[in-house]
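Just so we're on the same page: letters track the sequence lines, and every chain starts at 1. Worth knowing before you read on, the calculation uses all heavy atoms, side chains too, and leaves out hydrogens, waters and symmetry mates. As the structure is a prediction and not an experimental result, all values here were calculated from the model.
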Amino acid sequence: MSEAAEPAADIPPFRYTAALANEIELRWQDRWEERGTFHAPNPVGPLADPTHPRADAEKLYVLDMFPYPSGAGLHVGHPLGYIGTDSFARFQRMNGRNVLHAMGFDAFGLPAEQYAVQTGTHPRTTTVANIARYRAQLRRLGMGHDERRSVATIDVDFYRWTQWIFLQIFNSWYDPDARKARPIDELVAEFTAGTRPTPDGRPWSELTDVERRRIVDDHRLAYVSEAPVNWCPGLGTVLANEEVTPDGRSDRGNFPVFKRNLKQWMMRITAYGDRLLEDLDRLDWPEPIKLMQRNWIGRSTGAHIDFATAAEPIRVFTTRPDTVFGATYMVLAPEHALVDALVPAAWPEGTRPAWTGGHATPREAVESYRKAAGAKSDVERQAESREKTGVFVGAYATNPVNGAQIPIFIADYVLAGYGTGAIMAVPAQDERDWAFAEVFDLPIVRTVAPPEGFDGKAYTGDGPAINSARADGSLSLDGLGVAEAKAAIISWLEEHGHGAGAVTYRLRDWLFSRQRYWGEPFPIVYDANGQAIALPESMLPVELPEVDDFSPRTFDPNDADSEPETPLSRRKDWVEVELDLGDGPKRYTRETNVMPQWAGSCWYELRYLDPANPDRFVDPDNERYWMGPRSAGDCGGTDLYVGGAEHAVLHLLYARFWHKVLYDLGHVSSVEPFRKLFNQGMIQAYAYTDERGSYVQADEVIERDGGWFHGERPVRREYGKMGKSLRNVVTPDDMCAAYGADTFRLYEMSMGPLEVSRPWETRAVVGSYRFLQRVWRALVDENSGASRVVETPADDETRRLLHRTIDGARADMEAMRFNTAIAKLIELTNGLTRLSGTPREVAEPLVLMLAPFAPHIAEELWERLGHDESLTYVPYPVADPALLVAETVTYPVQINGKVRARVEVAVDAAEEEIRREALAAVAGSLGGREPRKVIVVPGRMVSVVA
RNA sequence: GCCGGGAUGGAGGAAUCGGCAGACUCGGAUGCCUCAAAAGCAUCUGCCCGAAAGGGCGUGCGGGUUCAAGUCCCGCUCCCGGCACCA
């Protein structure tokens with residue numbers, strides 16, 4: 001029988017127990033809140049405070065990726081990054097910085113909406129409750145957040161500015177000559193003045209209003225366009241690729257999914273491709289993340305080449321125009337617009353049976369192949385990457401450089417969305433083309449000589465061009481390297497009107513509308529002509545209206561031609577409005593899509609700076625102070641941004657894009673939103689399944705005899721996420737109850753480097769608890785509660801240990817190596833246990849160094865040391881350099897790489913003396929022989945070669 | 001398949017610039033305290049041989065460079081993350 005709830009009677013009354021920790025923690029959390037301890041003063045506006053001790057200090061903006069407040073609350077994995085940033089922020093406050101650290105909530109999103117569809121509970125109700133829970137949990141962990149700045153994306157005062165930023169983007173165009181976004185009015189002015197030609201060359205004055213409107217809309221950074229999506233009539237929604245199963249059905253409900261075009265709002269992020277790419281060089285981000293963004297943007301240089309056909313010419317993009325003499329066939333994406341015009345009535349004379357797919361006519365073959373390709377999801381098209389499929393369309397194209405007639409195929413390894421959706425196939429220099437050529441027995445002509453001994457198939461490397469000359473001698477690339485050959489062929493193509501040098505990107509424009517309820521409404525109405533019109537700023541916010549039913553209208557699951565009807569579209573009284581937009585009252589209909597969840601996370605870091613500003617999304621002075629460039633050439637942005645690597649591409653790219661638009665339009669002074677990025681690892685956990693494959697409660701599993709058991713039954717262990725369904729969740733609340741928040745924080749920071757993922761292990765938490773107990777015991781007598789701090793100076797050894805600790809801990813803290821900083825604090829503390837009392841000159845710096853990790857116990861001990869004020873703004877200890885230098889150095893002496901002896905010599909000993917001492921120490925091992933070589937590395941070691 | 005990252009004791013990890021591998025913590029062992037247990041404290045704890053002294057081996061695997069390699073180079077294996085066959 002265990003009566004664990006009752007503390008044993010003989011525990012000393014003043015021991016640091018979980019109960020005492022909880023009492024201390026709740027008290028200090030109240031005190032911090034009352035005193036506004038973590039309020040960071042702004043330069044201007046309601047949060048300005050010239051009397052604040054850090055009002056004139058150097059600033060530091062520390063940012064976490066804000067969470068989506070899920071119904072399950074936090075588990076121990078979530079706060080890892082938050083504890084890291086809080087520890088860093090607290091350290092930097094002690095270094096005199098004015099630190100801004102706040103936490104908001106990314107609160108629009110699908111889970112609350114789906115819950116609402118199921119239960120009828122308004123997503124706002126659920127979300128607001130979840131946010132309250134998250135706030136309470138974070139407060140309980142002792143986060144030093146400025147709670148005045150805690151915003152949520154669902155707040156009307158927040159999303160009115162999300163809408164405002166949308167309007168800025170809508171009312172802008174990208175000027176490629178200026179390389180920046182400019183107000184759309186300036187474009188109109190240029191057209192009107194005739195300084196910018198219209199697309200078809202007609203004078204602006206001769207165009208109708210609708211024509212003008214169309215030209216302008218084609219330039220906007222936010223625009224409406226047909227975009228291919230996964231339309232699921234059975235659910236009435238568009239699905240993400242990951243929600244579509246490999247056989248083309250919906251994950252939820254198993255309905256058919258159709259890939260088809262729908263009218264969608266798009267953002268012209270591709271206009272910023274080059275700047276998003278170039279400015280990566282100015283960011284202090286992990287190289288792997290930058291590389292992922294570079295690959296995602298995927299800028300490639302090459303050429304467009306036009307291949308003549310019986311119909312219109314086929315334009316291809318290629319990065320290897322130098323290999324055009326080796327183009328022996330062409331491949332179009334099955335969806336390519338030109339395919340229908342190319343297909344003849346019958347197979348041409350001599351068409352090989354293998355090319356027809358067994359069909360009687362090209363039309364049949366094409367349609368059958370398209371159907372098969374259309375039914376495949378993108379995932380499946382990838383999975384089948386090895387087995388090349390395709391079909392001849394029955395037509396030929398002319399290779400412009402040598403006049404060769406080359407067959408045209410369609411194949412799903414060519415994607416409609418990249419480049420021009422068509423390729424010239426050069427099997428000798430491209431592996432996929434080689435594989436396809438092998439399947440269809442197509443000719444292979446090498447145009448780059450592979451190196452001697454090359455026995456592979458396609459050769460993609462550099463080498464002299466071969467077989468690359470026109471018969472009439474007017475063009476020859478032979479002998480040129482790849483780079484020179486590219487330059488030569490591009491100028492030939494340009495001269496003869498067959499093509500031109502070109503750049504393409506992998507990056508595509510951003511699909512920005514969602515056919516859902518729980519998101520920001522667009523500040524857009526449509527007029528009688530169906531033209532999108534931006535609402536004026538004065539009509540913001542467009543509030544999300546209440547609806548009876550949160551689900552979209554569903555259709556017959558097989559009705560591929562159905563059109564989405566969003567929840568908002570059913571509120572006819574909201575959709576139909578009469579407005580005066582400057583030309584008298586008229587009737588309009590509102591946009592009934594909502595924005596994607598990304599919208600709020602694209603700019604929330606700016607709102608933290610000025611959360612209550614009613615006039616602007618952020619005051620320019622506040623933005624410049626917290627995020628502005630620090631020097632010429634600096635890109636500005638937050639000083640630190642911590643979050644998981646799963647956002648490496650989408651969120652971080654979208655947020656950079658919005659920020660750059662705001663910069664171009666003069667609304668912010670920083671070029672980039674996040675100057676420095678740090679990717680924290682994930683806390684993972686073991687889960688256990690029994691013989692039936694059901695999960696068993698993980699904390700009831702015991703390890704014995706090299707296996708795992710739940711009761712008497714053996715269970716299997718798997719490693720991965722923490723989750724309710726896996727029955728392995730451990731919450732911070734559990735840890736606070738068992739040990740207190742300080743122990744929990746300290747443990748998370750000491751488990752390993754912040755950037756590394758690692759398994760959670762509850763039984764190891766006690767190590768951090770014991771450490772805090774030892775610190776407490778060093779300063780407080782457990783039996784009497786009296787101070788154990790003595791005013792006598794520390795002995796020399798203890799003092800040197802202290803200063804080595806300060807020196808090392810400070811360096812570790814600067815570099816966010818919290819685990820090794822904590823190890824050093826433990827060593828210092830362990831060095832105090834042999835003393836009968838703890839000298840104040842050691843106790844005070846120890847408490848201060850502990851404070852970033854375990855702020856509550858540190859505040860409590862600091863108060864017991866006789867200080868009235870919180871230690872939040874007390875300077876972090878500084879080491880005395882004189883005490884860091886040892887008097888002697890112990891040199892290991894190696895013979896042939898193995899340590900055979902050690903010698904201790906004075907720190908300033910001459911090399912000759914070290915050498916003499918070392919040789920004397922290993923004389924026995926050498927047996928009188930002369931060493932062949934002796935290497936003395938000052939301060940390190942001596943190496944003898946026998 | 002491609003791209004990126006990683007692999008160190010029973011476990012998490014340390015070694016920051018090529019210079020003593022295993023700091024610190026968990027777990028384990030032994031002892032002190034205790035009627036007993038818990039808690040706490042102390043000592044030990046990479047593997048193998050050995051009673052010990054001592055010796056040998058050792059940072060995923062195989063090579064290489066070097067007086068010296070966890071660290072650098074070449075070739076593999078496995079694990080984790082990302083992916084849009086990107087021409």
Donor-acceptor pair between A:E827 and A:T805 side chains, under 3.5 angstrom: no
Whole-angstrom distance between B:rC61 and B:rU77, as gauged at atom P: 15 Å
Between A:I822 and A:I289, which has a closest nucleotide on RNA chain B that is more 5'? A:I289
B/S/- contact track for nucleotides 10-17 of chain B, protein heavy atom under 4.0 Å: -SSSS-B-
What residues 318-328 of chain A contributes to the RNA chain B interface at heavy-atom separation below 4.0 Å is A:T318, A:T319, A:R320
Taking only N/O atoms, report every protein-nucleotides 40-45 of chain B pair under 3.5 Å with atom names and distance.
| from | atom 1 | to | atom 2 | distance (Å) |
| --- | --- | --- | --- | --- |
| B:rG40 | OP1 | A:R770 | NE | 3.3 |
| B:rG40 | O3' | A:R777 | NH1 | 3.4 |
| B:rC41 | OP1 | A:R777 | NH1 | 3.2 |

Taking the six-membered ring for Trp, are A:Y739 and A:Y747 ring centroids under 6.0 Å apart? no
Minimum-distance nucleotide (side-chain atoms of A:S300 versus B:rC3, B:rC67, B:rA87): B:rA87
Whole-angstrom distance between B:rA29 and B:rG9, as gauged at atom C1': 16 Å
On a whole-Å scale, what distance lies between the P atoms belonging to B:rU16 and B:rG22? 13 Å
What integer distance in Å separates A:M735:CE from B:rC26:P? 16 Å
Please name all residues satisfying side chain to side chain donor-acceptor pair (under 3.5 Å) with A:R915, sequence neighbours left out, ordered by chain then number. none
Check the chi torsion on B:rC17 and let me know: syn if it falls within 90° of 0, anti if not. syn
Mind checking the P distance from B:rA7 to B:rC57? Whole angstroms is fine. 25 Å
What is the distance, to the nearest angstrom, from the CG atom on A:L653 to the C1' atom on B:rG82? 15 Å
Suppose you measure atom P in B:rA69 against the same atom in B:rG56; what distance do you get, rounded to whole Å? 16 Å
Will you find, in the side chains of A:E904 and A:T888, an N or O donor that is under 3.5 Å from an N or O acceptor? yes
Applying ring-ring contact (aromatic ring centres under 6.0 Å, His included), name anything that partners A:Y654, two or more places apart in sequence or on another chain. A:W510, A:W598
Check: A:N819/A:S750 side-chain N/O donor and acceptor closer than 3.5 Å: no
Residue list, ring-ring contact (aromatic ring centres under 6.0 Å, His included) with A:W285, at least two apart or on another chain: none
Quick one: does A:D412 reach the base of B:rC85 with a side-chain donor-acceptor pair under 3.5 Å? yes
Taking CG from A:D430 and P from B:rC85, how many angstroms apart are they, rounded to a whole number? 14 Å
Please identify each residue that fulfils ring-ring contact (aromatic ring centres under 6.0 Å, His included) with A:F818, with sequence neighbours left out. A:F853
Between B:rC2 atom C1' and A:L291 atom CG, what is the distance in whole Å? 12 Å
Which heavy-atom pair separates A:V76 from A:E748 by the least distance, and what is that distance? O-OE2, 2.6 Å
Determine whether A:L239 and A:V257 make a side-chain contact, defined as any pair of heavy atoms from C-beta on separated by less than 4.5 Å. yes
With sequence neighbours left out, the residues meeting ring-ring contact (aromatic ring centres under 6.0 Å, His included) with A:F678 are none
Write out the stems for RNA chain B, ordered by first number and formatted as range with range, counting runs of at least 3 consecutive Watson-Crick or G-U wobble pairs under 3.5 Å. B:1-7 with B:77-83, B:10-12 with B:24-26, B:27-32 with B:40-45, B:46-49 with B:54-57, B:60-64 with B:72-76
Please classify the glycosidic conformation of B:rG9 as syn (within 90° of 0) or anti (everything else). syn
What does A:A764 touch in the nucleic acid at a heavy-atom separation under 4.0 angstrom: a base, only the sugar-phosphate, or nothing? sugar-phosphate
Using atom P in both nucleotides, what's the gap between B:rA39 and B:rG27 to the nearest angstrom? 9 Å
Rounded interatomic separation in angstrom, taking CD from A:Q894 and C1' from B:rA69: 11 Å
Any chance the side chains of A:T389 and A:Y369 put a donor and an acceptor closer than 3.5 Å? yes
Taking atom C1' in both B:rG75 and B:rU65, compute the distance separating them and give it to the nearest angstrom. 15 Å
Would you mind reading off the distance between A:K290 atom NZ and B:rC3 atom C1', rounded to a whole angstrom? 18 Å
For the side chain of A:R902 and the base of B:rC20, is some donor closer than 3.5 Å to an acceptor across the two? yes
Rounded distance (Å) that lies between atom C1' of B:rA23 and atom CD1 of A:I826: 10 Å
Sugar-phosphate, base or nothing in reach of A:V937, heavy atoms under 4.0 Å: base
Excluding sequence neighbours, so at least two apart, what forms side chain to side chain donor-acceptor pair (under 3.5 Å) with A:D306? A:R315
The side chain to side chain donor-acceptor pair (under 3.5 Å) partners of A:D284 (sequence neighbours excluded) come to none
Using the P atom as the reference point in each nucleotide, state the distance between B:rC73 and B:rG19 in Å, no decimals. 15 Å
Taking the six-membered ring for Trp, is the centroid-to-centroid distance between A:F436 and A:F409 below 6.0 Å? yes
Suppose we screen for side-chain contact (heavy atoms from CB on, under 4.5 Å). Which residues come up paired with A:A698, at least two apart in sequence or across chains? A:Y688, A:N728
Please state how far atom CE in A:M941 lies from atom P in B:rU66, giving the value in whole angstrom units. 18 Å
